[in-house]
Amino acid sequence: MEGKSDAEWMHEALKEARTAFEAGEVPVGAVVVAGGRLVGRGGNRIEGLKDATAHAEIIAIGAASEAVGDWRLDGATLVVTVEPCMMCLGAIFLSRIARVVFGAYDRRAGACGSAIGLGAMKYMGRDIVVQGGVLDAECQGLLLEFFSKLRQSDRV
């Protein structure tokens, strides 16, 4: 990605994750970068929209598609604070995103190698480059804080 580093873009995704956290959502944030500029951003909105598909990646891909005026995001990079699930990875392939950068590994549902390794497959002749662990401790820390507060509120 031209200009900013993966870590700098991850800081942008973390802003979206913090916004989700403040809204009572699981704190996952994502940004789409194309041509060295941010073209889409999103955070989890599952609870707010009452929609199981309102993951940060889906919101960011939709925003990017609207911004560039096309569903094809050829050559773009998706930067997300948590390893994408199977649904989100499907949307990444379908939108033709070329690269995924994620922070925290998700051993329960991550589809880029942690729970299942779909990120390495070719789909319709395309593959994606996956880079995990970028600012892992910061991304993981936000999740731990959220779930710790959630557990505490359940006990009150």
Side-chain angles (χ1 to χ4, degrees), residues 9-34 37-74 76-119 121 123-124 126 128 130-156:
W9 289 120
M10 186 62 74
H11 282 293
E12 291 296 321
L14 278 160
K15 288 178 189 176
E16 296 300 314
R18 287 186 194 97
T19 299
F21 185 113
E22 292 166 10
E25 302 277 358
V26 175
V28 179
V31 296
V32 177
V33 179
R37 65 184 185 91
L38 193 149
V39 295
R41 60 174 61 237
N44 268 359
R45 297 191 56 207
I46 296 164
E47 298 297 333
L49 294 176
K50 307 290 186 243
D51 180 353
T53 68
H55 290 199
E57 298 95 324
I58 303 298
I59 303 292
I61 289 168
S65 294
E66 186 173 331
V68 302
D70 197 343
W71 61 268
R72 295 169 192 88
L73 299 173
D74 293 305
T77 297
L78 177 92
V79 180
V80 60
T81 58
V82 178
E83 182 178 1
C85 70
M86 290 187 292
M87 175 187 71
C88 292
L89 192 59
I92 290 162
F93 272 110
L94 291 171
S95 63
R96 300 182 182 183
I97 287 173
R99 186 167 178 255
V100 174
V101 175
F102 69 87
Y105 289 86
D106 184 351
R107 308 237 185 283
R108 290 178 53 193
C112 295
S114 291
I116 189 167
L118 299 177
M121 68 179 264
Y123 178 77
M124 297 181 74
R126 292 187 299 279
I128 55 173
V130 177
Q131 171 66 49
V134 175
L135 299 183
D136 180 40
E138 193 169 345
C139 296
Q140 215 35 273
L142 192 57
L143 290 166
L144 291 172
E145 180 184 352
F146 176 80
F147 287 112
S148 174
K149 286 184 177 188
L150 188 64
R151 282 190 299 279
Q152 289 172 3
S153 69
D154 283 346
R155 292 184 183 144
V156 175

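The structure displayed is predicted, hence computed values, not measured ones. Heavy-atom basis, side chains included; hydrogens, waters and symmetry copies ignored.
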Listed once per pair and sorted, the salt bridge (Lys or Arg N to Asp or Glu O under 4.0 Å) pairs that draw on residues 46-56, sequence neighbours left out | none
Quick one: OG1 on Thr81 to CG on Asp136, what's the gap to the nearest 0.5 Å?
-> 11.0 Å
Any donor-acceptor pair under 3.5 Å linking the side chain of Glu16 with the backbone of Arg41?
-> no
Qualifying side chain to side chain donor-acceptor pair (under 3.5 Å) pairs, either residue in residues 58-71, two or more places apart = Asp70-Arg72
Would you sort out whether Arg18 and Glu22 count as a salt bridge (Lys or Arg N to Asp or Glu O under 4.0 Å), showing the intermediate values?
-> CA-CA 6 Å; Arg18 287 186 194 97; Glu22 292 166 10; over 6 Å; no
Measure the CG-NE2 distance between Leu135 and His11 for me, rounded to the nearest 0.5 Å.
-> 4.5 Å
Taking side chain as C-beta onward, heavy atoms only, is Glu12 less than 4.5 Å from Val79?
-> no
Go through the steps for Ile128 and Arg99 under the test side-chain contact (heavy atoms from CB on, under 4.5 Å), then give the verdict.
-> CA-CA 5 Å; Ile128 55 173; Arg99 186 167 178 255; over 6 Å; no
Roughly how far apart are Phe147 CZ and Gln152 CD, rounded to 0.5 Å?
-> 13.5 Å
Should Leu142 and Leu14 be marked as a side-chain contact (heavy atoms from CB on, under 4.5 Å) after you check the CA-CA gap, both sets of side-chain angles, and the distance that decides it?
-> CA-CA 9 Å; Leu142 192 57; Leu14 278 160; 4.2 Å; yes
Please check if the side chain of Asn44 supplies one atom and the backbone of Ala56 the other of a donor-acceptor pair under 3.5 Å.
-> yes
Looking at side-chain heavy atoms only, is the closest gap between Val101 and Met10 below 4.5 Å?
-> yes
Check for a donor-acceptor pair, side chain of Glu25 on one end and backbone N or O of Gly48 on the other, with a separation under 3.5 Å.
-> yes
Extract all donor-acceptor atom pairs below 3.5 Å that involve side chains of residues 84-91 and protein atoms in other chains or at least two apart in sequence.
none

